[in-house]
Amino acid sequence: MEFSVITVNPAKVETDCLVVPLFEDGDLLSAAARLDDASERLIAQLLERGDFAPELANVQLVPFAPGLSGERLMLVGLGKRERFNEGSLRKALDAAFASLAKLPVASAAVAFTDATLDDRDIAWSAQMTLEAAIRAVYRFDQCKSTPIPAAALSRVELIIDDAKHSEAAEAGARIGAALGDGVNYARTLGNLPGNICTPSYLAAQAEEMGAGSGGNLSVEILDEAQLETLGAHSLLSVGRGSEEPSKLIVMTYQGAEDTDEAPHVLVGKGITFDSGGISIKGGAGMDEMKFDMCGAASVFGTMKSVLALKPKINVIAIVASAENMPDGRAIKPGDIVTTLKGLTVEILNTDAEGRLVLCDALTYAERFNPASVVDIATLTGACMIALGDHASGLFSNDDDLALDLLDAGEASWDRAWHMPLWEDYQQQLDSNFADLANIGGRPAGAITAACFLSRFADKYPWAHLDIAGTGWTGGKQKGASGRPVGLLTRYLLDRENEHVVTDET
Ligand code: BES
Ligand code: MN
Ligand code: ZN
């Protein structure tokens, strides 16, 4: 998606479609007012006659507009001023770009930065705009015999009021574009079926990303033999029932001037299909367990954004990938495995496999002396029950890290909610036969899963994002969401500023 920032009179902008937001109450915003002046009060009349109600996410296309150089005019409702927040802007943007993506328009000139919010600058709204545009033109047709027609929209112009904000708007748009591409990449990996997107496929994706990075991303793939030598028996136990070999994928991005600067590590759960194993799942909706690598997908998507934006920080991405299948060789309830850390785990349920691959990846992360480690996993149905598809569950052994992630989630409107990780819950993992069990019973299932991981994350500031509810959408709109690429990218970009600040003090 191409973009540019323009400050000319919106009435004079030659574009396939002018797009202006409108509140239900109050005066017309800047661009809308100028278009109204130039078009014999077209907008005001539409509103007065009740032909357009600017309720949130209401969209109206005006195919011809007198006095305007744009070919079309699109009005987008923002709802009531006092109820307007980040979420409403995103809803309006999504509605507008979804409509635009269906029209034969190649270019759109949009004025969403007119709809300001306290605490959010023009860079922020420019970022939201580009991200929304790119998400809207996303198509997944790799598995269709005839392609879904691509959206015509390929160019977005941001109409801003004041030239002194051009640079900020451009910088924000650049982040939004990189983020949108990262989100769409994560969606594609998530949407690919389990017979295509295997652990080996993910490993090949990492190699490809490394090869195309101009030397900015180095990639190492650990195969089963290497994992065996290392002692990652817990990770390996999950893939034992599968024909697909397990992989530990490590991607290293060195952006900090000091190559020794402690890296931020992302760890993704990459179960490319979760049948439950011997503790097999019920049949209903089992296809959705191809999405059990959405944590890994978000790590890939975030690395893609990072490569586009090149922040001056070091980032290491680790993807623990396996397929969880029942078979004569598969792990069984009651089996005990020794983790890479040396702790033994009694596997009471083979469907609690995410934590079994993640625990070894978390131990592997120790070798990088990380500044922070964040794992992302479609870990528990319990988290989906607790938070639905609005918030990712956030668990952490470090309150500063938790706050940074919550902030990043708010800023990118890819929100997380802080859950308790109290000592009190740990005893649910007691085992009569091993150091710990891999399940903690039904109560607080998302928390005990996080407790399990915490036992392996005691050497660094660590957080866990349970994206079981947020990683994909079910039902008719079934598909991977690309979350939490927004949160993670913002988190990493903010670490760059943090680094500058600590250097100065
Ligand atoms: N991948 C699932 C979690 C999941 C289930 C995500 C449904 C989204 C929707 C995970 O591997 C799993 O099966 N977890 C079990 C844990 C239980 C056995 C303790 C679960 O949540 O039921
Ligand atoms: Mn499972
Ligand atoms: Zn799973």
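In each ligand, atom 1 is the first atom listed, and ligand 1 is the first ligand listed.
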Taking the N/O/S atoms of [X] one by one, which is nearest to the Zn ion (ligand 3)?
X    : value
E353 : OE2
D274 : OD2
D292 : OD2

Backbone, side chain, both or neither: what part of [X] comes under 4.0 angstrom of ligand 1, heavy atoms only?
X    : result
W472 : side chain
L379 : backbone
D292 : side chain

Any idea which protein heavy atom is nearest [atom], and the distance to it?
atom                    : result
atom 12 (C) of ligand 1 : D351 O, 3.1 Å
atom 2 (C) of ligand 1  : D274 OD2, 3.5 Å
atom 16 (C) of ligand 1 : R355 NH2, 3.9 Å
atom 6 (C) of ligand 1  : A468 CB, 3.6 Å

Could you tell me which atoms of ligand 1, counted from 1 in the order shown, lie closer than 4.0 angstrom to a heavy atom of [X]?
X    : value
E353 : 11 (O)
M384 : 9 (C)
N349 : 18 (C)
I439 : 19 (C)

Between Y364 and F368, how do the two ring planes meet: parallel, tilted or perpendicular, split at 30° and 60°?
perpendicular
Should [X] and [Y] count as side-chain neighbours, where that means a heavy-atom distance under 4.5 Å?
X    : Y    : value
K312 : E261 : no
P484 : T470 : no
S321 : L248 : no

Calculate the angle formed at the Mn ion (ligand 2) by O in D351 and OE1 in E353; 10° precision is enough.
70°
Pi-cation contact, W413 with R415 (under 6.0 Å, within 45°):
yes
Taking the cut-offs as 6.0 angstrom to the six-membered ring centre and 45 degrees off its axis, would you call R187 and Y185 a cation-pi pair?
no
Within this structure, what is the [atom1]-[atom2] distance for the pair [X] and [Y], rounded to the nearest 0.5 Å?
X    : Y    : atom1 : atom2 : result
C359 : L453 : SG    : CG    : 7.5 Å
I467 : S481 : CD1   : OG    : 7.0 Å
S392 : M384 : OG    : CE    : 13.0 Å

Can you check which of K281, K269, M289 brings a heavy atom nearest to atom 7 (C) of ligand 1?
M289
Restricting to heavy atoms, the pick from G469, G381, A449 nearest atom 4 (C) of ligand 1 would be G381
Can a side-chain donor-acceptor contact be found between [Y] and [X] if the only test is distance below 3.5 angstrom?
X    : Y    : result
W462 : D375 : yes
R455 : Q426 : yes
T339 : D360 : no

Determine whether any protein heavy atom is located less than 4.0 Å from atom 22 (O) of ligand 1.
no
Output yes if A352 passes the N/O/S-under-2.8 Å test against the Zn ion (ligand 3); output no otherwise.
no
The Mn ion (ligand 2) and D292: any N/O/S contact shorter than 2.8 Å?
no
Which atom, counting only N, O or S, brings D274 closest to the Mn ion (ligand 2)?
OD2
Taking all non-hydrogen atoms of both residues, which atom of A92 and which atom of L78 are closest, and how far apart?
CB-CD2, 3.7 Å
